[in-house]
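Numbers for residues simply follow the sequence, beginning at 1. Quick caveat, the model's predicted, so the values are computed rather than measured.
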Amino acid sequence: VDDLAENHLGIDLRIEPLMHLDEKAGAEVFGYVLPLSRQITICERAEAYMPLYRATVLHELAHVLLHSCKSFRSAAYAPRSCRRPTYEREADAFMHTAILPEAVLKLAIILAASIKGIEFPPLLLSQYNRMRKGQWIWQTIVLPEIVTGLCVSTELTAIKLRSLGFFDQSTLEFHKSHSLP
């Protein structure tokens with residue numbers, strides 16, 4: 001993502017502390033963008049976890065590509081902020097699509113199931129994934145393979161699986177609350 005932003009799109013990418021924006025956003029802020037200046041600042045605490053770093057760079061990159069107009073105001077919104085304007089949701093959607101395309105996710109699920117000897121079709125059924133056994137298989141076997149293999153977060157993967165209908169909202173919340181080592 002660094003190469004894409006800096007070398008291909010000419011973005012000025014910086015790593016700096018952004019903790020001073022947390023209070024304004026009401027949650028931790030991991031990135032900040034000045035679209036017209038083509039400048040992205042990533043908080044140093046996001047740099048410590050590569051899936052978060054990659055997602056943050058792509059989210060902020062989306063603002064440069066999608067929102068580089070005079071009406072865009074830089075504001076502090078965090079992923080867990082209680083209010084998320086349309087342009088934040090658009091940047092999230094861009095990031096989700098760029099970092100974890102549907103076809104790549106499905107291939108990763110098939111590969112993880114194959115490697116671990118798990119029957120594939122039930123993994124795609126929402127009702128199976130609500131059951132304790134299905135959640136355990138995802139939590140201990142499938143998600144760790146996907147997260148490690150694709151360098152994406154458990155949360156992003158679970159959100160994507162929810163958007164594709166494989167997880168319901170309660171299953172999404174279950175997996176978002178579980179962090180992998």
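- No side-chain heavy atom of Leu66 sits less than 4.5 Å from a side-chain heavy atom of Tyr87.
- Tracing side-chain contacts under 4.5 Å through hydrophobic residues (I, L, V, M, F, W, Y), one never reaches Phe174 starting from Phe166; they form parts of separate clusters.
- Side-chain atoms of Ser114 do not come within 3.5 Å of backbone N or O of Leu111 as any donor-acceptor pair.
- Rounding to the nearest 0.5 angstrom, the gap separating the CD1 atom in Ile110 from the CD1 atom in Ile115 is 12.0 Å.
- Taking every heavy atom of both residues into account, Ile99 and Ala55 meet most closely at CD1-N, 3.7 Å.
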(message) Would Val142 and Lys116 count as a side chain to side chain contact (heavy atoms under 4.5 Å, CB included) here? Give the steps.
(response) CA-CA 8 Å; Val142 181; Lys116 299 298 185 176; over 6 Å; no
(request) Could you please spell out the steps behind the side chain to side chain contact (heavy atoms under 4.5 Å, CB included) verdict for Leu61 and Val1? (result) CA-CA 9 Å; Leu61 180 63; Val1 294; over 6 Å; no
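- Residue Leu52 holds its CG atom at 7.5 Å from OG of Ser153, rounded to the nearest 0.5 Å.
- For the atom pair CD of Glu60 and CG of Leu34, the computed distance is 10.0 Å after rounding to the nearest 0.5 Å.
- A donor atom on one side chain and an acceptor atom on the other are not found under 3.5 Å apart for Gln135 and His175.
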(request) Start with the C-alpha gap between Leu105 and Leu164, add the side-chain angles, then the distance that decides, and say whether side chain to side chain contact (heavy atoms under 4.5 Å, CB included) holds. (result) CA-CA 10 Å; Leu105 177 58; Leu164 296 173; 3.9 Å; yes
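- Between Ala62 and Ala91, the shortest heavy-atom contact is CB-CA, 3.7 Å.
- A pairwise comparison of heavy atoms in Ala5 and Val57 identifies CB-CG1, 4.5 Å as the closest pair.
- You'll find the side chain of Thr154 stays beyond 4.5 Å of the side chain of Ile146, heavy atoms only.
- Contact check for Thr171 versus Trp138: no side-chain heavy atoms found under the 4.5 Å cut-off.
- In terms of hydrophobic clustering, with Ile, Leu, Val, Met, Phe, Trp and Tyr side chains grouped at heavy-atom distances under 4.5 Å, Tyr128 and Ile141 are assigned to a common cluster.
- Listed for the Arg130 side chain is no donor-acceptor partner under 3.5 Å among the backbone atoms of Phe167.
- The side-chain heavy atoms of Leu9 and Leu4, taken from C-beta on, include a pair separated by under 4.5 Å.
- When the side chains of ILVMFWY residues are joined at heavy-atom separations under 4.5 Å, either directly or via intervening members, Met19 and Tyr49 end up in two distinct hydrophobic clusters.
- No side-chain donor-acceptor contact under 3.5 Å links Lys176 to the backbone of Ala158.
- Note: Glu145 CD to Thr157 OG1 = 12.5 Å, rounded to the nearest 0.5 Å.
- Atom CD of Glu23 sits in a sparse spot, with 12 or fewer heavy atoms from other residues, nucleotides or ligands closer than 6.0 Å.
- To the nearest 0.5 angstrom, Phe120 atom CZ is 8.0 Å from Lys106 atom NZ.
- Not one N or O on the side chain of Arg162 forms a donor-acceptor pair closer than 3.5 Å with the backbone of Ser170.
- For Arg54 (side chain) and Cys151 (main-chain N/O), a donor-acceptor pair under 3.5 Å exists by modelled atom type.
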(request) Show your reasoning for whether salt bridge (Lys or Arg N to Asp or Glu O under 4.0 Å) applies to Asp22 and Lys24. (result) CA-CA 6 Å; Asp22 292 354; Lys24 182 178 179 184; over 6 Å; no
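- Under a hydrophobic-cluster definition in which Ile, Leu, Val, Met, Phe, Trp and Tyr are linked whenever side-chain heavy atoms come within less than 4.5 Å, directly or via other members, Leu156 and Val104 are assigned to the same cluster.
- When the salt bridge (charged side-chain N to carboxylate O under 4.0 Å, His left out) test is applied to Glu6, no partner is found at least two apart in sequence or on another chain.
- For the pair Asn129 (side chain) and Asp168 (backbone), a donor-acceptor distance under 3.5 Å is absent.
- One distance of note links NE2 of His59 with CD1 of Ile40; it measures 10.0 Å at 0.5 Å rounding.
- A donor atom on one side chain and an acceptor atom on the other are found under 3.5 Å apart for His67 and Glu90.
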(message) Could you go through Ile42 and Phe30, starting from their C-alpha distance and side-chain angles, then the distance that decides it, and tell me whether this counts as side chain to side chain contact (heavy atoms under 4.5 Å, CB included)?
(response) CA-CA 6 Å; Ile42 304 298; Phe30 299 112; 5.8 Å; no
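- There is a path of hydrophobic side-chain contacts, each under 4.5 Å, that joins Leu58 to Leu150.
- In this structure, His63 and Glu88 approach most closely via the heavy-atom pair NE2-OE2, 3.2 Å.
- Side-chain contact between Leu100 and His96 is absent, with no heavy atoms from C-beta onward closer than 4.5 Å.
- A donor atom on one side chain and an acceptor atom on the other are found under 3.5 Å apart for Tyr53 and Asp2.
- At least one side-chain heavy atom of Val64 sits less than 4.5 Å from a side-chain heavy atom of Val33.
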